[in-house]
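Please read the structure below before turning to the comments.
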Amino acid sequence: MVPTGNQIKRHARALGFDLLGITQPDPGSHADFYRDWLSRGYYGEMSYLARPDAVAKRADPRRIMAETRSILVVG
């Protein structure tokens, strides 16, 4: 049985996470902003953020794991 979004959220809260969300692995709408941010050199010494493979993964999370159906973000 696949847990529901509410069940996942309750479990995350029980583990101590205050911030959480569930989203789809669709290509992000922020890709142009991110590329502009990189072109301005804002990544500082974190040059791995500007690698072509890293940029592609941030633009489309399915490049990391194609079978992903949902993404859980906690904080």
Side-chain angles (χ1 to χ4, degrees):
M1 179 177 162
V2 176
T4 67
N6 286 335
Q7 290 171 321
I8 292 169
K9 289 178 181 181
R10 279 195 302 274
H11 187 67
R13 286 190 185 103
L15 291 172
F17 293 105
D18 295 322
L19 305 171
L20 52 111
I22 301 173
T23 188
Q24 301 299 314
D26 300 327
S29 60
H30 69 284
D32 289 337
F33 174 84
Y34 186 64
R35 286 186 190 98
D36 181 58
W37 183 83
L38 292 171
S39 72
R40 295 171 188 261
Y42 291 163
Y43 55 88
E45 294 182 19
M46 298 180 292
S47 60
Y48 62 90
L49 293 174
R51 286 191 337 243
D53 64 312
V55 174
K57 288 174 186 175
R58 284 185 180 271
D60 187 352
R62 292 173 294 191
R63 289 180 174 242
I64 299 168
M65 188 178 287
E67 63 274 10
T68 299
R69 296 182 356 208
S70 299
I71 297 173
L72 176 64
V73 182
V74 297

Note to self: By the salt bridge (Lys or Arg N to Asp or Glu O under 4.0 Å) test, which pairs, at least two apart or in different chains, include something from residues 59-75?
What the structure shows: Asp60-Arg62

Check: Please, which pairs that meet salt bridge (Lys or Arg N to Asp or Glu O under 4.0 Å) have at least one residue in residues 6-25, sequence neighbours excluded?
Finding: none

Checklist line | Listed partners of Asp26 passing salt bridge (Lys or Arg N to Asp or Glu O under 4.0 Å), at least two apart | finding: none

Check: Can you name the side chain to side chain contact (heavy atoms under 4.5 Å, CB included) partners of Thr23, sequence neighbours left out?
Finding: Ile71

Checklist line | Qualifying residues under side-chain hydrogen bond (donor to acceptor under 3.5 Å, both in side chains), relative to Thr4, sequence neighbours excluded | finding: Gln7

Next item on the list: Using the salt bridge (Lys or Arg N to Asp or Glu O under 4.0 Å) rule, collect all pairs that involve residues 38-50, keeping only residues at least two apart or in two chains.
Entry: Asp36-Arg40

Notebook entry, point to check: Who are the side chain to side chain contact (heavy atoms under 4.5 Å, CB included) partners of Tyr48, not counting sequence neighbours?
Noted result: Met46, Arg51

Item checked: Partner residues of Leu15 under the side chain to side chain contact (heavy atoms under 4.5 Å, CB included) criterion, sequence neighbours left out -> His11, Phe17

Notebook entry, point to check: In the hydrophobic cluster built from side-chain contacts under 4.5 Å, what are the other members alongside Met1?
Noted result: none

Next item on the list: Could I get the full list of side-chain hydrogen bond (donor to acceptor under 3.5 Å, both in side chains) partners for Gln24, not counting sequence neighbours?
Entry: none

Next item on the list: For Leu38, check side chain to side chain contact (heavy atoms under 4.5 Å, CB included) against everything at least two apart and list the hits.
Entry: Tyr34, Tyr43, Leu49, Ala50, Val55

Next item on the list: Output the rest of the hydrophobic cluster of Phe33: all Ile, Leu, Val, Met, Phe, Trp and Tyr residues reachable through side-chain heavy-atom contacts under 4.5 Å, sorted by chain and number.
Entry: none

